[in-house]
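Here the structure comes first, spelled out in structure tokens, and everything after it is commentary.
Values reported hereafter were calculated over all heavy atoms of this structure, with side chains retained and with hydrogens, waters and symmetry mates removed. To find a chain, count down the sequence lines: A is the first, B the second, and so on, and within it residues start at 1.
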Protein chains: 2
Amino acid sequence: MTGAGSSEGRLSHAAGRPRDPAVDRAILSATLELLGEHGYERMTIEAVARRAGVGKPTVYRRWSSKRDLVIDVLNHISDLPEMPAEGTARERLTDFMEEWWRLIVKAGHPSYRLQSLIGEMGRNPELGKSFRKALVDNRRKKIMTVLREGMESGELRPDLDIILATDMIFGTVIAQRLVSEARAGTDGWRRIVEYLFDGWT
Amino acid sequence: MTGAGSSEGRLSHAAGRPRDPAVDRAILSATLELLGEHGYERMTIEAVARRAGVGKPTVYRRWSSKRDLVIDVLNHISDLPEMPAEGTARERLTDFMEEWWRLIVKAGHPSYRLQSLIGEMGRNPELGKSFRKALVDNRRKKIMTVLREGMESGELRPDLDIILATDMIFGTVIAQRLVSEARAGTDGWRRIVEYLFDGWT
DNA sequence: TATTTACGTTACGACATCGTAACATATTCT
DNA sequence: AGAATATGTTACGATGTCGTAACGTAAATA
């Protein structure tokens, strides 16, 4: 199936009206927003076209199906923030969480409304893997890596259950977003790391 | 709108075939299972009827719409586990988490597959409140209460951000279920409390 | 200017689901 | 036995969405 940019194979610019890349971007952007707002089932191609300011055939000219369009969108999703390379595990995680908060809560980027699709991973046979890749895998891997390095450096207890510890960070973000609706304090999720490293007592 | 049991208003048993309460239960049970498996949109009344072993008109005889049926199901959902009344905050939370784990992971009760619907709360205008009530409110309130009591008793730091702390517990459970698919260790989520009270260092 | 391709509008076929009608049968009470 | 209600089967109308066809217009190149 072809996606956006399928004209790249032409060696020279043949006659005919060239596709407008801005249209591609508008469609992808509209899809991202509506996916977050409605979820996969409720989102319609008609709504995507309207939001993008194009006609439905224009969408189907680029993507052969609704499913392909959503897969393409999920594949474009940013895996920011990056994990800082320098500093202690605590410092790196603190900076990471603050930057993550900045992206999600402060900037309100549409891709970050996708946390609400977290349940689709295990329930949507068509797109489960794409959802997981877009929403979970990359950031979770970064967190696990820094925790492992913290254990190796003696900064964290050597018997830390890494899977559970990673879920504690990741899950807190999900709960803040979906349950408390990210009316998080102004500390940019730094306190998550503080509570986890120092404990509540 | 009438739900199951609407015949209760009859003072005496008039002529006619009485409704079978087992049919009510079969429908509610089938709805719970399919809701967890597929989510609200993909779940169909036809599939519910088939799973319950009844005809579609039998479902619509009791609930006037798909939405009413799902609301009824969500209202029936158990808010177990109970929070133990005795002991320190740590002991009570530890027992609570272990019992929660027992219900969700060990017993595999269908209602506990509903965590995957956590995203519906903010996205589904018809049922958002019902989802929130069924999936979040009661247990979250129990956790917040015991944390507050721990602060008052001096067991927890007096400046603990209760909302965030509650989300740390609640979110970890969500992540364990949806991300790590509850291949939690055999310690029944006791370690969550240990990590949160003692910290990772 | 002619040709080629993109585009939006409109309409449509195919399909799925919601919810209900019609009806024969089953189950209860009077 | 008759009346009343529940039930399942079958079919259906209404509606919505997916995806596409037809067509006139726009935008590019030859």
Exercise for review: Spell out protein contact along nucleotides 13-23 of chain D as letters: B when the base is contacted, S when just the sugar-phosphate is, - when no protein heavy atom is under 4.0 Å; keep the 5' to 3' order.
Suggested key: ----SBBBB--
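For the residue pair B:Thr166 and B:Arg140, no side-chain donor N or O sits within less than 3.5 Å of a side-chain acceptor on the partner. A:Gln176 and A:Trp189 form a side-chain donor-acceptor contact under 3.5 Å, judged by distance and modelled atom types alone.
Close to C:dC7, at under 4.0 Å from its OP1 or OP2, lies a side-chain N or O of A:Arg62.
Using a cutoff of 4.0 Å between basic side-chain nitrogens and carboxylate oxygens, B:Lys66 and B:Glu126 are not scored as salt-bridged. Using a 4.0 Å cut-off between a side-chain N of Lys or Arg and a carboxylate O of Asp or Glu, B:Glu46 and B:Arg51 do not qualify as a salt bridge.
With rounding to whole Å, B:Arg19 atom CZ is found 17 Å from C:dC29 atom C1'. We find that CZ of A:Arg17 is positioned 5 Å from C1' of D:dA27, with the value rounded to whole Å. Atom pair B:Arg50:CZ and D:dT9:P shows a separation of 11 Å (rounding to whole Å applied). Between the CG atom of A:Asp20 and the C1' atom of C:dT5 there is a distance of 14 Å, given to the nearest Å.
Of the residues A:Glu98, A:Glu91, A:Glu99, the one that meets the salt bridge (charged side-chain N to carboxylate O under 4.0 Å, His left out) test with A:Arg190 is A:Glu98.
Residue pairs meeting the salt bridge (Lys or Arg N to Asp or Glu O under 4.0 Å) criterion with at least one partner in residues 74-85 of chain B, sequence neighbours excluded, are B:Glu82-B:Lys142.
When distances run from any side-chain atom of A:Ala15 to the nucleotides D:dG8, D:dA6, D:dT29, the shortest one goes to D:dT29.
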